[in-house]
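Structure record follows, encoded as structure tokens.
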Amino acid sequence: MLNIIVVEDEPLFALTLKQLIELNPFHVVTAVADDCESALATVAARRPDLALVDLQLARGSSGFALAAKLRDLAIPCLFTSGKVPSFPIPDLALGCLIKPFTEADLVQALKTAEDMLRGRERLRPGRASHTERLWLYGSDDG
């Protein structure tokens with residue numbers, strides 16, 4: 001089971017994302033939040049395995065700032081954004097799922113993120129997946 005928090009300031013997109021994630025019976029969205037403060041409150045109530053975090057959040061919150069706080073809590077992030085950040089972020093996120101993305105892109109991103117979390121896959125920093133909608137930042141131990 002993979003417990004996921006969705007942090008997204010667009011309500012309709014957040015709901016759609018939640019519904020798509022939960023098409024997989026082994027994925028559960030523990031909460032949906034729209035800013036840093038509400039995300040941290042929900043994380044305290046029910047700890048997720050993974051956070052999907054938009055880079056621009058409600059009330060001027062930053063996805064980067066939230067990712068730094070989640071990193072301190074040992075909760076990995078996968079950014080969702082309209083474009084890949086222009087600088088490396090492997091210390092803040094597993095990668096970035098680039099909007100707009102398809103259901104297949106999301107499924108692949110969650111599979112790859114889960115594999116990374118479970119130690120089943122290691123990726124070179126900044127490598128794009130075959131979909132070109134998912135940029136991953138991982139360690140390369142070999």
Next on the checklist: Minimum heavy-atom separation for Met1 and His27, please, with both atom names.
Outcome noted: SD-N, 4.1 Å
Item to check | Connected via hydrophobic side-chain network under 4.5 Å: Val107 and Ile98 | outcome: no
Checklist entry - Can you tell me how far the CZ atom of Phe26 sits from the CG atom of Leu110, to the nearest 0.5 Å? => result 14.0 Å
Checklist entry - Once you round to the nearest 0.5 Å, how far does CG of Asp105 lie from OG1 of Thr80? => result 12.5 Å
Next on the checklist: Tell me every residue that passes side chain to side chain contact (heavy atoms under 4.5 Å, CB included) with Ala41, counting only those two or more places apart in sequence or in another chain.
Outcome noted: none
Item to check | Gap separating the CG atom of Leu94 from the CG atom of Leu50, nearest 0.5 angstrom | outcome: 6.5 Å
Checklist entry - Side-chain heavy atoms under 4.5 angstrom apart, residues restricted to Ile, Leu, Val, Met, Phe, Trp, Tyr: same cluster for Phe101 and Leu23? => result yes
Item to check | Min side-chain heavy-atom separation Val32-Val29 under 4.5 Å | outcome: yes
Checklist entry - Could you give all pairs that pass the side-chain hydrogen bond (donor to acceptor under 3.5 Å, both in side chains) test and reach residues 10-21, with sequence neighbours left out? => result Lys18-Glu22
Checklist entry - Quick one: salt bridge (Lys or Arg N to Asp or Glu O under 4.0 Å) pairs with a partner in residues 67-82, sequence neighbours left out? => result Arg71-Asp91
Checklist entry - For Ala39, does its backbone N or O pair with a side-chain atom of Thr42 as donor and acceptor, under 3.5 Å? => result yes
Would you mind writing out the side-chain donor-acceptor pairs for residues 52-63 within the sub-3.5 Å range, not counting sequence neighbours?
unit_1, atom_1, unit_2, atom_2, d
Asp54, OD1, Lys99, NZ, 3.4
Asp54, OD2, Lys99, NZ, 3.4
Arg59, NE, Asp35, OD2, 2.8
Arg59, NH2, Asp34, OD1, 2.5
Arg59, NH2, Asp34, OD2, 3.0
Arg59, NH2, Asp35, OD2, 3.3
Ser61, OG, Cys36, N, 3.2
Ser61, OG, Ala58, O, 3.3
Ser62, OG, Phe64, N, 3.0
Ser62, OG, Ala65, N, 3.3

Checklist entry - For Leu15, which fellow cluster members are found when Ile, Leu, Val, Met, Phe, Trp and Tyr are connected by side-chain heavy-atom distances below 4.5 angstrom, either directly or through intermediates? => result none
Next on the checklist: Test: salt bridge (Lys or Arg N to Asp or Glu O under 4.0 Å). Region: residues 40-50. Which pairs qualify, not counting sequence neighbours?
Outcome noted: none
Item to check | Shared hydrophobic cluster, Leu106 / Val28 (ILVMFWY, side-chain heavy atoms < 4.5 Å) | outcome: no
Checklist entry - Which distance, rounded to the nearest 0.5 Å, do you find between the NZ of Lys111 and the CD of Gln108? => result 6.0 Å
Checklist outcome for this item: CG (Leu12) and CG (Leu17) are apart, to the nearest 0.5 Å, by 11.0 Å
Next on the checklist: To the nearest 0.5 Å, what is the distance between CD1 on Ile4 and CG on Leu78?
Outcome noted: 9.5 Å
Checklist outcome for this item: Those residues at least two apart in sequence (or on a different chain) that pass side chain to side chain contact (heavy atoms under 4.5 Å, CB included) with Ala67 are Cys77, Phe79, Leu92
